[in-house]
Amino acid sequence: MPELAEVEWHRKQWNPGIGARVQVVFLHARKRVFRGTNTRDLARRITGQKLLDSQARGKRMLFRFTNSNWLGIHLGMTGSLRIEGPEYAPAKHDHLVLGQSSRSLVFRDARQFGRVQFHHGSSPPSWWRADVPEIVERDFNRPFFERFLSRHGKAPIKAVLLMQDGFSGIGNWMADEILWRSHILPAKRVAKLTSAERHSLFLETKFVARHSLSTLGHDDSDLPKSWLIHERWSKEGVCPKHCIPLRRATIGGRTTAWCPICQR
DNA sequence: ACCCCTGTTCGGCG
DNA sequence: CCGCCGAACAGGGG
């Protein structure tokens, strides 16, 4: 599920727990989502602490607790955050449950491409890097964008849009949406893009990110009917503009859909 | 049964 | 050394 705006939606699911104490921590310590994380430390230190606030950066989230405790969460492919009632008994894929007196904060992830990290310290963890600009912020600007593209001239543009170091929070469907709106073939090598194409790509990247953040709920149903996303999964998917079948291929390691008329 | 998958990392190779 | 690409991770759903 999770790209930029969906991540933001999931982050807010835990908001009801802000200001409340975590009374008990359930986790499946040997699960892959905890790779590299000291789960004993996590459970011991988070227990008894209040959730203070949270933030999202690209596809990552950071939850802050009292007494200098931090929880990082990445949703991977199938992760989700939700609220259950107090004393909720974790189901099979509920790898982390923070039990509060009035509710439980649940992290579920069937495929476990997601990740939970823990940090204890007065300042934010080192893995919470701040050096990649958010797409919707001022510092994601033309110079940054051009510099990043120039470093990946040989890669297909689709693959570059998926690189989190440059396009923070962009995932598979957003990349296809951006390329469709920009009239650029996904397989086109970055060095071959014209300056007009790069200009368009920059504007559409901002547009898709902004518009998604302002409208998106937990799935794509709130996005405009005219967007490509509603067509890209079904075999019969057509270009919203030309009503002709979409082309499909694996580019940058991901299934990619595009319109042969819009994009050439 | 078989094939697909909104993500990231790692090893191989050019 | 740089950077691209496919495989691997793990499980559910069509």
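Chain letters run A, B, ... following the sequence lines, proteins first and then strands; every chain starts at 1.
- With B/dT8, C/dC4, C/dG12 as the choices, the nucleotide that has an atom nearest any side-chain atom of A/Ala155 turns out to be C/dC4.
- Dashed line: the shortest gap from a side-chain N or O of A/Gln164 to OP1 or OP2 of B/dG7 is not under 4.0 Å.
- Remark: A/Lys92 is not in phosphate contact with C/dG11, judged by side-chain N or O atoms under 4.0 Å from OP1 or OP2.
- Of the two residues near DNA chain C, A/Arg254 and A/His152, the one whose nearest nucleotide lies more 5' is A/His152.
- Between the CD atom of A/Gln117 and the C1' atom of B/dG7 there is a distance of 14 Å, rounded to whole Å.
- For the pair A/Phe148 CZ and C/dG3 C1', the interatomic distance rounds to 12 Å; values are reported in whole Å.
- A/Arg264 places no side-chain N or O within 3.5 Å of a backbone atom of A/Leu185 that could act as its donor or acceptor partner.
- In the set C/dG11, C/dC4, B/dT8, the nucleotide with an atom closest to the side chain of A/Lys31 is C/dG11.
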Inset, instruction - Show the numbers, then the answer: is there a salt bridge (charged side-chain N to carboxylate O under 4.0 Å, His left out) between A/Glu197 and A/Lys188? - result: CA-CA 11 Å; A/Glu197 285 174 330; A/Lys188 192 158 182 177; 3.1 Å; yes

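- For the pair A/Lys158 NZ and C/dG6 C1', the interatomic distance rounds to 16 Å; values are reported in whole Å.
- The nearest heavy atom of DNA chain B to A/Arg35 and to A/Lys154 marks one nucleotide each, and the one closer to the 5' end goes with A/Arg35.
- Listed pair A/Gln112 / C/dG11 meets the phosphate criterion, a side-chain N or O lying under 4.0 Å from OP1 or OP2.
- One can place CZ of A/Arg248 at 15 Å from C1' of B/dC3, the figure rounded to the nearest angstrom.
- Set against B/dG7, C/dC4, C/dG11, the side chain of A/Met77 has B/dG7 as its closest nucleotide.
- Using a cut-off of 4.0 Å between Lys/Arg side-chain N and Asp/Glu carboxylate O, A/Arg198 and A/Glu146 are scored as salt-bridged.
- Contact check, A/His93 against C/dG11: no side-chain N or O comes under 4.0 Å of OP1 or OP2.
- A straight line from CG of A/Leu75 to P of B/dT8 spans 10 Å, rounded to a whole angstrom.
- Between A/His119 and A/Trp70, the two ring planes are tilted [angle within 30° to 60°].
- Between A/Leu162 atom CG and B/dC5 atom P the separation is 14 Å, expressed in whole Å.
- Between the side chain of A/Arg151 and the base of C/dG3, no donor-acceptor pair of N or O atoms lies under 3.5 Å.
- A/Arg115 comes within 4.0 angstrom of no nucleic acid atom, judged by non-hydrogen atoms across all strands.
- Within the nucleic acid shown, A/Arg189 comes within 4.0 Å of sugar-phosphate atoms alone, with no base atom in reach, counting heavy atoms only.
- A/Lys206 and A/Glu204 are not joined by a salt bridge, as no carboxylate oxygen comes within less than 4.0 angstrom of a charged side-chain nitrogen.
- Stacking annotation: A/Phe113 is not stacked on the base of B/dT8 (requires ring centroids less than 5.5 angstrom apart and an interplanar angle below 30 degrees).
- Whole-Å rounding puts the A/Asp165 CG to C/dC4 P distance at 12 Å.
- Counting to the nearest Å, the C1' atom of B/dG7 and the CG atom of A/Leu4 are 15 Å from each other.
- Panel note: side chain A/Glu3, backbone A/Asn172; a donor-acceptor pair is recorded below 3.5 Å.
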